[in-house]
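For clarity, every value in this text was computed on a predicted model and none was experimentally measured. For the numbers below, each heavy atom of this structure counts, side chains included, while hydrogens, waters and symmetry mates do not. Lettering follows sequence order; numbering is per chain, from 1.
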There are 2 protein chains.
Amino acid sequence: MATSNSGIDRRIRKSKKTLKDSLIALMKSKDFREITITDIVELADLNRGTFYKHYQYKEELLEEVMEDVIADLIISYREPYKHVDVFTINELSVSVIKIFEHVANFADIYTLVLKSNALPTLHDRICEELKKLPLEDLEDYRPNPKINKELASSYQAYAILGMIIEWVNTDFKYSAEYMAEQLLEIITNKPVNAVYKISKTCKAGPQE
Amino acid sequence: MATSNSGIDRRIRKSKKTLKDSLIALMKSKDFREITITDIVELADLNRGTFYKHYQYKEELLEEVMEDVIADLIISYREPYKHVDVFTINELSVSVIKIFEHVANFADIYTLVLKSNALPTLHDRICEELKKLPLEDLEDYRPNPKINKELASSYQAYAILGMIIEWVNTDFKYSAEYMAEQLLEIITNKPVNAVYKISKTCKAGPQE
DNA sequence: AAATTTAGTGTACAGATGTTCATTAACTTC
DNA sequence: GAAGTTAATGAACATCTGTACACTAAATTT
């Protein structure tokens, strides 16, 4: 049941599209919080009842906007794996680049939505998808039975989201390739246990 | 400018506390979205104007509730470092345990707020604090000039948030100690480059 | 203790919300 | 192409929101 399903009544498709476009347009000029449903339907030139027929509140409308974006995210990272059964670090990096490229492609909307803090569920929704990433394989090949898969998976997904958020906050000052490089660098740069003890300013007693 | 500042007019302190308590109480029985400001002030037995004198909308009230919680988070992780200038992996793990213990102490409110998806900014706010963690030191001692500090910091902070969210979603089925162990295990378990190539199901041609 | 400042109250009002319902218009099915 | 279905409309209504203002009650300042 995709959001842009073409098997749906044309009237619904048109109304929903107009509502989405209107919301995006309004978000470019005013704060999400200040946008009323009345604003949206007036710009969309639709009856207010039409909005309530499809959505409960404006967040739900924005959610649907983002579902379209996330659908592209999924396509993006899956693409390099289409015809590959064996993968190496190189194919992984291709997949990682695709993710960042996808974000760069939708830079406008990511900026608009992430900076507006309009969608409380967006972080979790993105991470839900990131958890399905081939990056999980990165964990699998170094079998450490001590590590809890679910925790590690959530760790990894939110970590990548963290990089994306930082990227958005810099107004995309890095390239997608650079972001992918950084992610792989961070993932592969693990500490050597022996070097763990370090001094900060000066050596001091263990307790004072 | 703390939220529970005692240097503030007693009337303000009382009103704010009553409003916070009322909101929390209401959140236990109904969805955040369905709670109206009228509900809050009626339960608090205060005039609606009093709410608007201090807050713009209910999210702002909830934000202040969480600021009190976050204040405790900060105290918690700083505590082990009070009298230490040299730190080792052991002291780090103590600090990490303190974070998870703090979350466990406020399990009720973390569950209430994170599961309600009421605060779009909460993730970012928590991560803002996590970025200040001594974990940064963990990065510093293995100097890799290729790694972008800001990106790595955001990566690490959101990664820990990811673990916390997963923990909340399991209704705290693990202990704080276990969570800390897992975090340290994940952080220190880095792949060896040589073993990077793995096969999934069967070997296949590079492209089809 | 008196003077001043400021928080909380009660009322009022315009606009937004969320829902209902009868009516019209567009689409789907046969 | 006709019949049946369902989306969109317009109007109406109770409730909530956000703001304003004059008033009082409690705090702080001197």
Near-strand residues of residues 36-45 of chain B, defined as heavy-atom separation under 4.0 angstrom from DNA chain C: none
Between the base of C:dG8 and the side chain of B:Asn47, is one N or O donor paired with an acceptor at under 3.5 angstrom? no
Does a distance-only test, which skips hydrogens and angles, find a donor-acceptor pair under 3.5 Å between the side chain of A:Arg11 and the base of C:dA26? yes
Atom-pair distance (NZ on B:Lys53; P on D:dG18), nearest Å: 17 Å
Charged N-O contact under 4.0 Å between A:Asp171 and A:Lys115: yes
Of the options A:Tyr178, A:Phe100, A:Tyr110, A:Tyr174, which is the one that meets A:Trp167 in a ring pair (Phe, Tyr, Trp, His ring centres under 6.0 Å)? A:Phe100
Has B:Thr50 got a side-chain N or O lying under 4.0 Å from the OP1 or OP2 atom of C:dT9? yes
Decide if atom NZ of B:Lys173 counts as having more than 12 heavy atoms of other residues, nucleotides or ligands within a radius under 6.0 Å. no
Kindly say if B:His54 contacts the phosphate of C:dG8, meaning a side-chain N or O under 4.0 Å from OP1 or OP2. yes
A:Tyr52 vs C:dG18: side-chain N/O to OP1/OP2 distance below 4.0 Å: yes
In B:Glu166, B:Gln182, B:Gln156, the residue satisfying side-chain hydrogen bond (donor to acceptor under 3.5 Å, both in side chains) with A:Tyr155 is B:Gln156
Tell me the interatomic distance from A:Ile12, atom CD1, to D:dT5, atom C1', rounded to whole angstroms. 12 Å
Salt-bridged, A:Arg11 to A:Asp9, with N to O below 4.0 Å? yes
Parallel, tilted or perpendicular, judged at 30° and 60°: which one describes the rings of B:Phe106 and B:His102? tilted
Could you state the atom-to-atom distance from CD1 of B:Ile8 to P of C:dA7 in whole Å? 10 Å
For DNA chain D, whose closest nucleotide is more 5', that of A:Ser15 or that of B:Phe51? A:Ser15
Does B:Arg10 make a side-chain N or O approach to OP1 or OP2 of D:dA27 shorter than 4.0 Å? yes
Considering only heavy atoms and no angle criterion, is a donor-acceptor pair shorter than 3.5 Å present between the side chain of A:Arg48 and the base of D:dG10? no
